[in-house]
Amino acid sequence: MLFELKLESHLTGVSQNRGTGEIKEGEILGSIMKAEAVESGEASTIIATPKRGLNRGISIADLILRGFAAVGTFGSAMTMGTTNETLAIFTQPLIRARYNDLPSLTFFVIANSIVCGYLVLSIPLSIFHLIRSEAKITRIILVIFDTAMVELLTAAASAATVVVYLAHKGNASANWLAICQQFDNFCERISGSLLGSFASITMITLIIFASAVALSWKY
C-alpha cells in the first residue's frame with residue numbers, strides 16, 4: 001500500500017514537471033515568434049522608407065521639369081507666332097515674311113500652344129503626386145498624356161526644322177532660294193523658337209522616364 005502511494009506521487013511529480021516544461025517551451029516559442037514578427041515589421045518599414053523618399057524626389061523633379069517645359073513651349077509659340085518681317089525693295093512691292101505663310105510653322109505654333117496648355121493643366125496633378133507619392137492611377141494617366149504630347153511636339157518641331165533649314169540653306173535641286181540673307185530677323189526668331197521646343201521635348205521625355213521609375217516600385 002505504501003509502495004503504491006509513493007509510485008503515485010512520483011508519477012504526479014513527473015507529470016507536473018512535464019507540464020511545466022511544456023509551458024516553458026511554449027513561452028520560448030512564443031517569444032521567438034514575436035521577435036521574428038517585430039524584426040520583419042522593422043525590415044518592411046526600413047524598405048518602405050527609401051521607396052517613399054525616391055517617389056517624393058521623383059515628384060519634385062516632375063513638378064520642376066513640367067514647369068520649365070511649359071515655359072519653353074509658351075516661349076516657342078510666342079516667338080514663332082509674333083514673327084513678322086517686311087522687306088522694302090525699291091523696284092518691287094513690299095515683301096513680307098510671316099509664320100502663317102508656311103503651314104509647317106503654323107502647325108508648330110498650334111502644337112506648342114496645345115502642349116503648353118496641357119502642361120499647365122497637369123501641374124495640379126503633379127502637386128498631388130508630391131503630397132501623395134504613392135498614387136499610381138493618376139501617374140499612369142499622366143504618362144499616357146505626356147507620351148502623346150511629346151509625340152505631337154516632336155512632329156511639329158521636326159516639320160518646322162525642315163522649313164528653317166531651307167530658309168537658311170535653300171535647295172538648288174528644287175530651285176528654292178535661301179531667304180535668310182534678306183530676312184535675317186525672321187530667320188533668327190524662327191530658329192530660336194526651335195531651341196525652346198526641343199528643350200521642352202527633352203524635359204517631357206525625362207518626366208516620362210521618371211514616372212516609369214516611380215511606377216516600377218511595388219507599393
Problem set entry | Listed once per pair and sorted, the salt bridge (Lys or Arg N to Asp or Glu O under 4.0 Å) pairs that draw on residues 67-83, sequence neighbours left out | none
Exercise. What is the distance from atom CG of L102 to atom CD1 of I190, rounded to the nearest 0.5 Å?
Worked result: 8.0 Å
Seminar exercise, completed: Rounding to 0.5 Å, atoms CG (L119) and CD1 (I204) come to a distance of 5.0 Å
Problem set entry | Path from V143 to I127 over hydrophobic side-chain contacts below 4.5 Å | no
Problem set entry | Summary of side-chain hydrogen bond (donor to acceptor under 3.5 Å, both in side chains) pairs that have at least one residue in residues 115-125, sequence neighbours excluded | R66-S122, Y118-D146
Exercise. More than 12 foreign heavy atoms under 6.0 Å from CZ of F68: is that the case here?
Worked result: no
Exercise. How long is the span from the CG atom in L130 to the CD1 atom in I123, to the nearest 0.5 Å?
Worked result: 12.5 Å
Exercise. Partners of T82 by side chain to side chain donor-acceptor pair (under 3.5 Å), sequence neighbours excluded?
Worked result: R189
Seminar exercise, completed: Closest non-hydrogen contact found for I58 with A210 is CG2-O, 3.4 Å
Exercise. Got a sec, which residues hit side chain to side chain contact (heavy atoms under 4.5 Å, CB included) with A159, two or more places apart in sequence or on another chain?
Worked result: S104
Problem set entry | H129 side chain near L142 side chain, heavy-atom distance below 4.5 Å | yes
Exercise. Residues in side chain to side chain contact (heavy atoms under 4.5 Å, CB included) with A157, at least two apart?
Worked result: F108, S197, F198, I201
For this session: Enter the distance from I60:CD1 to L63:CG here, rounded to the nearest 0.5 Å.
Result: 8.5 Å
For this session: Under the side chain to side chain donor-acceptor pair (under 3.5 Å) rule, collect the residues that match up with S126, sequence neighbours excluded.
Result: D62
Problem set entry | Those residues that, when tested against V109, pass side chain to side chain contact (heavy atoms under 4.5 Å, CB included) (two or more places apart) | M80, Y99, S113
For this session: For A160 and L105, work out which heavy atoms get closest and say how close.
Result: CB-CD2, 3.9 Å
For this session: Kindly compute the distance separating CD1 (I64) from CG (L206), expressed to the nearest 0.5 Å.
Result: 12.5 Å
Exercise. What residue pairs, at least two apart or across chains, pass salt bridge (Lys or Arg N to Asp or Glu O under 4.0 Å) with a residue in residues 196-213?
Worked result: none
Problem set entry | For L152, side chain to side chain contact (heavy atoms under 4.5 Å, CB included) partners two or more places apart | F107, A111, I114, V115
Seminar exercise, completed: S76 and N112 have their tightest heavy-atom pair at CB-OD1, 3.6 Å
For this session: Tell me whether I207 is reachable from F128 by hopping between hydrophobic residues (I, L, V, M, F, W, Y) whose side-chain heavy atoms are closer than 4.5 Å.
Result: no
Seminar exercise, completed: Residues pairing under salt bridge (Lys or Arg N to Asp or Glu O under 4.0 Å) where one sits in residues 102-118, two or more places apart or in two chains, turn out to be none
Exercise. In terms of hydrophobic clusters joined by side-chain contacts under 4.5 Å, are F74 and L195 together?
Worked result: no
For this session: Please answer: with hydrophobic residues joined when any side-chain heavy atoms are less than 4.5 Å apart, are L65 and F209 in the same cluster?
Result: no
Seminar exercise, completed: Sorted by chain and residue number, the side chain to side chain donor-acceptor pair (under 3.5 Å) partners of S193 (sequence neighbours excluded) come out as none
Exercise. Looking only at heavy atoms, which two atoms of P103 and D101 are closest? And how far apart?
Worked result: CD-O, 4.0 Å
For this session: Could you list all the side-chain hydrogen bond (donor to acceptor under 3.5 Å, both in side chains) pairs where at least one residue sits in residues 151-163, not counting sequence neighbours?
Result: none
For this session: Give the cluster check for M149 versus L125: same hydrophobic cluster or not, with ILVMFWY residues linked at side-chain heavy-atom distances below 4.5 Å.
Result: yes
